[in-house]
Colleague: 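For reference, the structure I am asking about is given below.
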Amino acid sequence: MDTLEGQTLVKADGTSVKADEALASKEFVLFYFSAHWCPPCRQFTPMLKDFYEEVEDSGVEIVFVSSDRSSDDMFSYLKESHGDWLATEHGSALSQTLKQKFGVSGIPMLVVCKKDGTLITKDGRMHVMSKQPSAAVDEWKK
């Protein structure tokens with residue numbers, strides 16, 4: 001995926017990982033635009049975590065793009081509520097690029113892409129909330 005090529009992502013424990021390596025075996029990358037201060041986000045994040053736990057072995061990875069007010073807020077939210085997925089660095093140029101690329105104007109927003117960057121849907125949140133996890137992934141494969 002061009003946007004992530006050569007980029008560094010972070011984990012909830014603060015360690016860094018090269019995006020190319022972390023996503024090499026993944027078929028789908030889901031960009032999760034969210035923030036702890038956002039009540040609808042705090043409601044959706046546990047649903048996304050359950051979804052992820054069922055499909056993470058199906059070639060699905062989530063990359064959290066934070067709209068939190070600080071890096072500390074972002075890591076607190078990651079540790080408190082999120083699954084064991086990746087994140088862009090708080091306030092990074094990459095975060096801004098992704099928000100612009102996908103036209104993020106409100107959160108929470110879940111964008112589903114193929115590994116090559118092909119957009120599948122900007123309404124991944126509805127897929128997660130309305131379908132069984134395996135059915136959603138099967139639909140993305142079509």
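Source: prediction; values computed, not measured.
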Colleague: For K101 and T3, which I'm curious about, is there any donor-acceptor pair between the side chains at under 3.5 Å?
Modeller: yes

Colleague: Can you see which heavy atom on W37 is nearest to which on S67, and at what distance?
Modeller: NE1-O, 2.9 Å

Colleague: Test your reading of the model: is there a side-chain donor-acceptor pair from K122 to the backbone of F102, 3.5 Å cut-off?
Modeller: yes

Colleague: How about CE on M47, more than 12 heavy atoms from neighbouring residues, nucleotides or ligands closer than 6.0 Å, or not?
Modeller: yes

Colleague: Go through the structure and list residues passing salt bridge (charged side-chain N to carboxylate O under 4.0 Å, His left out) with K141, not counting sequence neighbours.
Modeller: none

Colleague: Using modelled atom types only, decide if a donor and an acceptor are shared between the side chain of S95 and the backbone of E89 within a distance under 3.5 Å.
Modeller: yes

Colleague: With side chain to side chain contact (heavy atoms under 4.5 Å, CB included) as the test, pick out the partner of Y32 among V128, I107, L48.
Modeller: L48

Colleague: Quick check: does any side chain N or O of S130 sit under 3.5 Å from a backbone N or O of M126, one acting as donor and the other as acceptor?
Modeller: yes

Colleague: What pairs with E80 under side-chain contact (heavy atoms from CB on, under 4.5 Å), at least two apart in sequence or on another chain?
Modeller: H36, S76

Colleague: Which residue pairs pass the side-chain hydrogen bond (donor to acceptor under 3.5 Å, both in side chains) test with at least one member in residues 9-18, sequence neighbours excluded?
Modeller: D13-T15

Colleague: State, without any angle test, whether D68 and S66 hold a side-chain donor-acceptor pair at a distance under 3.5 Å.
Modeller: yes

Colleague: Can we call the ring centroids of F64 and Y77 under 6.0 Å apart?
Modeller: yes

